Amino acid sequence: MEEILRLIHNNPSTPNPELLVRLVEEIRPVHPKQVKTATQKFRKFNTLLQTNPEFIESFSVFIKAIYSKYDTVHLFVETGIMSLKGFTFELYNKIKHRILPTVEGEDDIRRLINKIFYKPTDYIWLNELPDELWEEMISKLGLLSHFKKQNKEDENFNRLISSIQILSHRISALGTESEITNKMPQLDEINSPFLQQNKEVTFYLDRFTESTDINNEDYKHILVILSQCEENLQQLRRNKHKYGTSLRITFLIRRLHQQIERLKTLLMLIHQKDTQRFCKTTVALFKYLVKSENQKNSIKRHLKENVDLLAYQVVEHAARTGIAYIARGRKEFWKFFIKSLKGGVIVAFFAITKILLSRLELSHFGYAFIQSLNYTMAFLMIYFTRSILATTQPAMTASTIVGSLEKKKDETNVIAMKRLAYMIVRVNRSQFISFVGNLLAALPFAILFSWLFSLVFSEKLAGLYKSTQMLDDLHPLTSGSFIYAAIAGIALFLAGLASGYYDNRVRYGEIPRRIAENRRLKKLLGQERVDKLSTYLGMNLGNISGYIALGVMFGSLSTIGEIFGIPLEFRHITFSAANLGISLYDLNFDLAFRVIYPLIITLMGIGFINFIVSFTLALTVAIKSRGITFRQSGKLFGLLVNIFKKYPMDYFFAPPGERPEEKALKKKINHKNNKNL
């Protein structure tokens with residue numbers, strides 16, 4: 001390191017980037033996670049500068065010469081800021097550039113950054129270097145002066161001013177995009193903060209370039225207007241349940257946030273009222289820019305950063321529906337039981353029609369179509385009669401639980417954890433009673449319908465061969481039932497996503513209003529019927545779409561597997577229970593207990609796997625959609641165990657009233673809410 005610093009000292013005005021490359025090579029650890037080694041080397045470099053004053057002056061001149069040689073505009077206005085090209089196009093570009101990377105212009109400072117920090121993992125150790133060491137070096141070298149205006153022809157300063165102007169113009173343009181102003185019309189007016197900030201920034205820069213005298217009030221006023229811009233964007237995000245969302249508008253919001261933050265950073269660099277804050281901001285910006293350049297073609301980072309954009313629009317509206325699948329009191333709990341009984345009866349009936357349809361000689365497509373139609377009719381009948389099918393609930397309730405994970409304003413972690421624990425207990429008993437109701441109805445009514453069929457048509461519904469086959473399909477070891485139950489769980493999860501996605505599209509596309517104002521429909525049906533239709537579709541189209549998707553998946557899965565030679569099936573607890581009832585009747589109940597016992601165990605296992613797979617997937621996506629990191633699982637588990645020790649039956653049956661602990665928690669939450677008001 002000393003040799004490199006001496007070479008720089010001998011000719012500091014010559015911007016030789018190779019010396020910087022060598023210097024970073026000296027500090028770079030063998031493994032990116034060897035932060036301690038990198039820190040020791042960086043501290044040694046700082047010590048060399050401090051003990052050799054001539055090195056400080058020459059290295060400062062050298063850094064300024066390097067900085068002056070390269071254009072920084074593209075770095076400041078583009079690096080680390082989301083592209084407007086969209087998720088798919090950007091993914092394609094990253095794949096393409098991984099194979100054949102782009103090359104920046106000779107005078108672009110991004111070319112220098114990529115030359116110095118050429119390893120894609122450099123940002124790992126660089127970000128972990130202590131900020132105080134960076135700040136100490138910046139202060140010693142006097143880098144603050146490099147951002148000050150020297151004269152009217154000062155290129156460094158003019159590039160920084162250009163970067164600020166470009167960012168300000170882009171913010172005003174994006175802030176008035178139709179996707180945003182259609183949802184918030186006030187942003188299309190002349191006093192929109194997105195337009196106002198551009199006026200104020202232009203005025204501030206004009207005064208600043210004319211004179212080095214800094215007006216602190218003008219600077220503060222710009223920050224206030226930028227805060228108003230961010231508040232409007234936050235309001236748009238908070239009202240997604242009302243407006244709906246799309247990838248396009250979410251990309252716009254995120255890009256605007258990033259541009260506003262970058263504009264604040266660059267304004268601070270030229271304002272320079274607080275030296276310590278300047279050093280901190282410079283270090284944070286430098287680390288972020290290097291990381292962004294290191295990962296600019298990272299497919300993993302692109303997917304990780306945008307999975308919440310993809311997920312939010314398909315789970316947020318499911319959370320609104322999910323509250324309807326959680327029984328709060330004892331009265332509601334037994335209503336769930338009755339609805340689950342009705343759902344079991346409907347499944348038993350359509351299990352009969354499924355067997356009858358399987359007798360038809362059809363093509364692969366014909367069989368998949370007719371079975372998909374049968375399943376879809378079953379699920380829609382359950383929905384239209386307000387019945388319950390237990391395994392369709394997890395995808396909805398997971399989003400509601402994640403809503404509990406989001407800590408309310410001024411709420412302590414303890415209160416948030418307790419609120420979440422009681423929510424999970426209510427979800428558990430709601431699921432339990434739904435399973436019980438489905439099974440208690442599906443099995444006996446399948447037997448009843450089989451008896452009625454044999455009475456009317458004088459023949460068994462399934463017959464000996466089919467009945468034996470259905471029992472074999474429930475064998476715990478040889479049938480693959482648990483694997484197929486997991487496949488069913490994935491299908492249930494995907495149906496929940498479909499429901500949330502279409503629910504969101506209804507709101508974002510303003511479908512109810514467009515139907516209500518459609519002239520042809522009003523002429524055909526009349527205004528009153530059209531109003532009812534628009535209201536109904538606005539409330540129910542998402543759920544209907546989800547059930548249709550589930551029906552198509554269940555009905556076509558085995559046919560798709562047969563076409564591709566893959567054993568694809570599904571096992572759903574309620575349909576499996578109905579099949580068991582049909583088989584028992586057609587075999588004249590001639591089964592020993594040792595045969596029925598494992599079948600019942602398998603049935604319980606299928607239900608558990610249906611639930612746990614769909615719930616886990618839905619919960620994971622819901623957490624991702626809100627960017628929540630859940631790190632207090634141990635505390636939550638302890639709370640759940642304590643509740644189980646004290647009130648074990650609460651996990652399965654609703655208590656007569658709220659427990660004293662839950663009442664006390666509600667009182668605390670209400671007190672805090674009233675205090676905030």
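This one's a predicted model, so the numbers in the text were calculated from it and none came from an experiment. Along the sequence shown, residues are numbered consecutively beginning with 1.
Shown here are the side-chain contact (heavy atoms from CB on, under 4.5 Å) partners of L174, two or more places apart in sequence or in another chain: L84, E177, L252, R255, L256, Q259. Among residues two or more places apart in sequence or in another chain, the side-chain hydrogen bond (donor to acceptor under 3.5 Å, both in side chains) test is passed with Y367 by Q371. E293 is linked by a side-chain hydrogen bond (donor to acceptor under 3.5 Å, both in side chains) to T79, N114, K296, counting only residues two or more places apart in sequence or in another chain. When the ring pair (Phe, Tyr, Trp, His ring centres under 6.0 Å) test is applied to Y70, no partner is found at least two apart in sequence or on another chain. Judged as a salt bridge (charged side-chain N to carboxylate O under 4.0 Å, His left out), and not counting sequence neighbours, the contacts of E78 are R110. Every residue meeting the salt bridge (charged side-chain N to carboxylate O under 4.0 Å, His left out) condition with K264, not counting sequence neighbours, appears here in chain and number order: E230, E261. Residues satisfying the side-chain contact (heavy atoms from CB on, under 4.5 Å) criterion with S172, sequence neighbours excluded, are L195, Q197, N198. Taking the salt bridge (charged side-chain N to carboxylate O under 4.0 Å, His left out) definition, one finds that E569 meets it with nothing, sequence neighbours left out. Legend: residues meeting side-chain hydrogen bond (donor to acceptor under 3.5 Å, both in side chains) with R111, ordered by chain and number and at least two apart, are E106. Looking at residues two or more places apart in sequence or on another chain, you find no side-chain hydrogen bond (donor to acceptor under 3.5 Å, both in side chains) involving N127. Remark: K280 engages E135 in a salt bridge (charged side-chain N to carboxylate O under 4.0 Å, His left out) (not counting sequence neighbours).
Contact of the L226 side chain with the I260 side chain is registered, since non-hydrogen atoms from C-beta on lie closer than 4.5 Å. Side chains of F42 and M137 form a contact here, defined as non-hydrogen atoms less than 4.5 Å apart. Side-chain contact between L267 and L263 is present, with heavy atoms from C-beta onward closer than 4.5 Å. The shortest distance between side-chain heavy atoms of P512 and L537 does not fall below 4.5 Å. Side-chain atoms of I66 and I63, non-hydrogen and from C-beta on, never get closer than 4.5 Å to each other.
Within a 6.0 Å sphere centred on CD1 of I95, heavy atoms belonging to other residues, nucleotides or ligands number more than 12. Other residues, nucleotides and ligands contribute at most 12 non-hydrogen atoms within 6.0 Å of the CZ atom of F365. Residue K96 places its NZ atom among more than 12 non-hydrogen atoms of other residues, nucleotides or ligands, all under 6.0 Å distant. For F482, the CZ atom sits in a packed shell: over 12 heavy atoms of surrounding residues, nucleotides or ligands are nearer than 6.0 Å. The environment of CG in L100 is sparse: at most 12 heavy-atom neighbours from other residues, nucleotides or ligands sit within 6.0 Å.
Listed here is the closest heavy atom pair of C279 and I138: SG-CG2, 3.9 Å. The nearest pair of heavy atoms linking A488 to N610 is CB-ND2, 3.6 Å.
Under the 30°/60° scheme for interplanar angles, the aromatic rings of Y219 and Y204 are found to be tilted.
Residues in residues 24-37 take part in these salt bridge (charged side-chain N to carboxylate O under 4.0 Å, His left out) pairs, two or more places apart or across chains: E25-R28, R28-D122.
Interatomic distance, CZ of F278 versus CG of L269, reported as 5.5 Å (0.5 Å rounding).
Looking at Q34, its side chain does come within 3.5 Å of a backbone N or O of H31 through a donor-acceptor pair.
Side-chain rings of F570 and Y375 approach one another, their centers coming within less than 6.0 Å.
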